[in-house]
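Presented below is the structure to which this report refers.
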Amino acid sequence: MIRRFCGALILAALFIPVASAQVVRFDTTVGDFDVVLNPTHNSLLQGNVDNFLHYVESDSYRASWINRAAKDNGTNFVLQMGGFYSNTLRPSPTIASTRSVFSAPPVTGSPGISGLSNTIGTVAFALSGDGQGGTNHDSGTSSFFVNLASNTFLDPDFT
């Protein structure tokens, strides 16, 4: 069921800046919702916000789709998106037919900012590994995830 839901959400994942430069509207096939970027106006997050808005304003997320609906102990815990798109109204049926979102230079990471946490409904950069079993905090580009649960265990690595 979650795969079908994600497939429907993926089809028209379109991001539109609304009202202020810090709010982005997700226009999807299953309804719209807004994300407030940097609601605490923390200056340490401005690079993250500028990065996200670059992808929004350049239409890089148009027709992007959810590429990961991860579960932890059988419960959905994140939806990851922003890394891939499709030229059709459906997600690509095979990995060979996917297209990656063009990545701008990565943003310098700032995990573990006091007062911020990966709680339900928050958004964070998806990051690559560091090759040694850890996380490369300086690898944030276009891919991000939405927390579907309280994932505070991610706080030391993901902003």
Side-chain angles (χ1 to χ4, degrees), residues 1-18 22-40 45 47-95 97-104 106-107 109-113 116-129 135-137 139-159:
M1 180 66 177
I2 187 71
R3 287 189 186 274
R4 287 187 185 172
F5 171 75
C6 291
L9 185 61
I10 291 166
L11 297 180
L14 167 67
F15 302 87
I16 304 168
V18 294
Q22 303 289 76
V23 178
V24 174
R25 170 155 296 156
F26 287 66
D27 181 16
T28 78
T29 58
V30 295
D32 303 342
F33 60 95
D34 294 342
V35 173
V36 179
L37 303 174
N38 196 7
T40 61
L45 293 178
N48 300 41
V49 170
D50 293 343
N51 176 75
F52 194 86
L53 290 175
H54 162 78
Y55 289 105
V56 170
E57 292 166 357
S58 65
D59 282 338
S60 295
Y61 290 140
R62 185 176 300 277
S64 66
W65 38 277
I66 295 169
N67 59 288
R68 181 175 178 229
K71 292 186 175 195
D72 183 37
N73 295 323
T75 304
N76 292 325
F77 88 105
V78 297
L79 290 178
Q80 186 172 325
M81 59 193 90
F84 303 97
Y85 71 95
S86 176
N87 287 325
T88 68
L89 293 177
R90 295 193 174 134
S92 301
T94 66
I95 194 71
S97 56
T98 61
R99 302 290 177 257
S100 295
V101 169
F102 174 77
S103 292
V107 174
S110 50
I113 297 174
L116 299 179
S117 189
N118 284 281
T119 55
I120 191 167
T122 59
V123 176
F125 270 129
L127 304 172
S128 65
T135 303
N136 179 352
H137 298 135
S139 63
T141 58
S142 66
S143 190
F144 61 97
F145 61 89
V146 177
N147 287 292
L148 299 178
S150 181
N151 297 317
T152 56
F153 67 94
L154 297 173
D155 291 352
D157 287 318
F158 298 90
T159 304

* Asked: Which atoms form the tightest heavy-atom contact between R68 and F77, and what is the distance?
  -> NH2-CZ, 4.3 Å
* Is a donor on one side and an acceptor on the other found under 3.5 Å between the side chain of S128 and the backbone of S139? -> no
* To do: Step through it carefully: locate the ring centre of F52, locate the ring centre of Y61, and say whether they are under 6.0 Å apart.
  => yes
* Asked: Sequence neighbours excluded, which residues qualify as side-chain hydrogen bond (donor to acceptor under 3.5 Å, both in side chains) partners of N147?
  -> N118, T122, N151
* **Side-chain donor/acceptor of Y55 to backbone N/O of A104, under 3.5 Å** => yes
* **S60 side chain to S58 side chain, donor-acceptor N/O pair below 3.5 angstrom** => yes
* To do: Can you sort out the partners of F125 under ring-ring contact (aromatic ring centres under 6.0 Å, His included), two or more places apart, ordered by chain and number?
  => none
* Asked: How about L53 and L37: do any of their side-chain heavy atoms sit closer than 4.5 Å?
  -> yes
* Look only at the side chain of N51 and the backbone of T141, and say whether a donor-acceptor pair between them is shorter than 3.5 Å. => yes
* Is a side-chain N or O of S142 found less than 3.5 angstrom from the main chain of G82, in a donor-acceptor match? -> yes
* Asked: What are the two closest non-hydrogen atoms of S117 and D155, and how far apart are they?
  -> OG-OD2, 2.7 Å
* Taking all atoms of both residues into account, what is the closest heavy-atom pair of H137 and P156, and its distance? -> NE2-O, 3.8 Å
* Of all the heavy-atom pairs spanning N136 and G129, show the shortest one and how long it is. => CB-O, 3.7 Å
* With sequence neighbours left out, write down each residue that passes side chain to side chain contact (heavy atoms under 4.5 Å, CB included) with I120, or none if nothing qualifies. => none
* Would you say the side chain of M81 lies within less than 4.5 Å of the side chain of F144, judging by non-hydrogen atoms? -> yes
* In Å, rounded to the nearest 0.5 Å, how long is the span from CG of N38 to CG of L45? -> 4.5 Å
* Asked: Given side chains that start at C-beta, do those of T40 and L116 come closer than 4.5 Å, heavy atoms only?
  -> yes
